[in-house]
Structure formats: C-alpha cells, structure tokens
Amino acid sequence: MCRGAQHVVNRILPAADTILHDHRVKFTREDIDSSELDRRRALYGPLTEAVRELVDATIRTEVDESVIREVHAEVAAAAAKLRAKQLDGAFGLRFTTGGESFAWGNAGIGLRNALAPPLSVESDASGLHWTEVTLGAPYEGPPGLVHGGICALVLDHLLGTTASSIEPRFTGTLTLRYRRGTPLGRLRAEARITRNEGRKTVVNGTLSDAGGVTVEAEGIFIGPATATA
Ligand SMILES: CCCCCCCCCCCCCC(=O)SCCNC(=O)CCNC(=O)[C@H](O)C(C)(C)COP(=O)(O)OP(=O)(O)OC[C@H]1O[C@@H](n2cnc3c(N)ncnc32)[C@H](O)[C@@H]1OP(=O)(O)O
C-alpha cells in the first residue's frame, strides 16, 4: 500500500471495531508477518499485471477471428481455475499481526485489482500530495481522452488520501470542473488541504497533462463520528 494510505490505516486501526460497526467496512486481521506479505505481493502482483496487459490487448488486438475464439476459451479456463477457491465477497482492508495493511481489491490502489490504474500517492513536508499515473486505452471515454469518471476516481482517491493524512476521512462531496479533455497518457494529480473545520476537511486539487491543468477538484471529507483521534 502507498505511504499515505498506510499512515491513514495506522490511524484507523484503533477505531476499526467502531468503524466496522458503523460503516460496514470490511476489516480482516491476518496472522502473517511482513515476509509472508512480501511473498504474496510477489505472487499476486505479476498476475494482476498480466491481467492488465490482457485488458489492454483485448481492446487493441486486430488478430484473426480464430485466434480470438482460441484466446476466449483460454481466458475462460483461467477464470474457472481461479474460481475453484475464492472469497465470498470483496477483499476488504486487511492487516498483518505487525500492523501492515493491504487493500488489494481497492479500485484505486489494489495490488490484485487489474482495474486499478494503480495509483501510488506521495507527499512532502509542505503537505502537498501527488500521484503520477499513465492511463491508456482501458480508461478511454471520449475518443483519445480519459473517461470523466476515471478522472474523478483519481482525484477522489488522491484528495481522500490527502484529507486522511491527519485523521480518517470519507468523501462527503466531490466537485469537479473539467476545464478541457484529459488526453490518455502520462498524468499528474496534486492536492492539498485548504481548510479544516472539526470533522470536515476541505481539499483542493488538480489533474494535469504536460500542457497544464485539465480538471480542478474540491472535496469535503468527513471524519466518521466514532473514529478516535
Ligand atoms: C475509514 C476507512 C477508510 C480507509 C481508506 C484509507 C485510504 C484513504 C483514501 C480514501 C479515498 C477514497 C475515499 C472514498 O472513496 S470514501 C467512499 C465514498 N464516500 C462514502 O461512501 C461516504 C458516505 N457517506 C457517509 O458515510 C456519511 O454521510 C458521512 C460520513 C460523509 C457524513 O455522515 P455523518 O453522519 O458523520 O455526518 P453528520 O450529519 O454528522 O455531519 C457532520 C458535518 O459534515 C457535514 N456533512 C455531512 N455530510 C456531508 C456531505 N456529504 N458533504 C458535505 N458536508 C457534509 C455536515 O453538514 C456537518 O457539518 P457541520 O454542520 O458540523 O458544519
């Protein structure tokens, strides 16, 4: 998990039971140490990368019909193999006995989620948070441009992580202004806390390509009433 999110989770863990009760967040404690977590990371990460590659290849392939049918059967067989033993529901947020956390199903950062871009949030001492990401064909909305909902995902996650750098925060309201289309390719998003009012934290941010800002965002993030400081 990225550094910012790990910090948030460390703040959340003491309040996990009450948050679980109030928000039905799925927390799971796993009796494993960090070397086992690393082993699993090395096992599942490449699988997810391969699935991501498959998604992109599926969109862009121009091979013959017979190859499409062949690959369809192979992919269906691979999915059936993975389904032979699986979780009842979603992955949730898990933590090891040492307190390391992993949200591997998360739509923004999940190590086991091929739909996740994936995002990794960095921050500096001034309170600036940022993420750099390359969004390719699977994230297209208007031709050649990033889907507006994907821009929202990136900004929601970044602004949420920024808001949660002090205390855990949920997105209450997220306002976006799409100034121009966001081209597929390399992008950078930045965010900063602009106001703190009790349980409410206001965060402003932007999504940019090499030519400048494409989307402006403002989010109001609310701390769960039961979370402890
Ligand atoms: C915690 C686990 C997370 C782990 C993730 C770690 C990674 C981090 C990255 C995560 C990134 C991804 C993040 C995600 O994807 S978070 C997922 C998307 N968001 C949600 O699912 C949130 C759903 N909503 C709720 O749970 C509740 O409605 C919340 C908690 C938001 C407020 O319900 P609560 O009952 O607590 O509120 P209150 O009535 O006591 O009001 C309190 C104050 O707040 C003001 N207010 C209330 N609602 C809103 C609103 N919608 N906009 C603006 N303001 C609002 C209200 O006026 C009042 O202000 P004041 O009158 O005092 O001035």
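Atoms within each ligand, like the ligands themselves, are counted from 1 in listed order. Values reported hereafter were calculated over all heavy atoms of this structure, with side chains retained and with hydrogens, waters and symmetry mates removed.
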Flag for D156-T171: side-chain donor and acceptor within less than 3.5 Å: yes

Rounded distance (nearest 0.5 Å) linking atom CG of D33 with atom CZ of R39: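 So the CG of D33 and the CZ of R39 are separated by 10.5 Å.
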
Against heavy atoms of [X], which atoms of ligand 1 measure under 4.0 Å?
{"X": "I222", "answer": "31 (C), 32 (C), 44 (O), 45 (C), 46 (N), 54 (N), 55 (C)"}
{"X": "G172", "answer": "50 (C), 51 (N), 52 (N)"}
{"X": "T173", "answer": "50 (C), 51 (N), 52 (N), 53 (C)"}

Within one Ile-Leu-Val-Met-Phe-Trp-Tyr cluster: L174 and V146, side-chain cutoff 4.5 Å: yes

Please confirm whether [X] comes within less than 3.5 Å of ligand 1 when only nitrogen or oxygen atoms on both sides are compared.
{"X": "D156", "value": "yes"}
{"X": "T171", "value": "yes"}
{"X": "G160", "value": "no"}

Set of residues satisfying side-chain hydrogen bond (donor to acceptor under 3.5 Å, both in side chains) with respect to R188, sequence neighbours excluded: E132, E190

For residues 61-77, which side-chain donor-acceptor pairs fall under 3.5 Å, sequence neighbours excluded?
{"residue": "T61", "atom": "OG1", "partner": "V63", "partner atom": "N", "Å": "3.3"}
{"residue": "E65", "atom": "OE1", "partner": "R69", "partner atom": "NH2", "Å": "2.8"}

From the candidates K200, E197, R199, H157, the one that places a heavy atom nearest atom 37 (O) of ligand 1: R199

Side chain to side chain contact (heavy atoms under 4.5 Å, CB included) evaluation trace for T194 with V203: CA-CA 5 Å; T194 44; V203 182; 5.7 Å; no

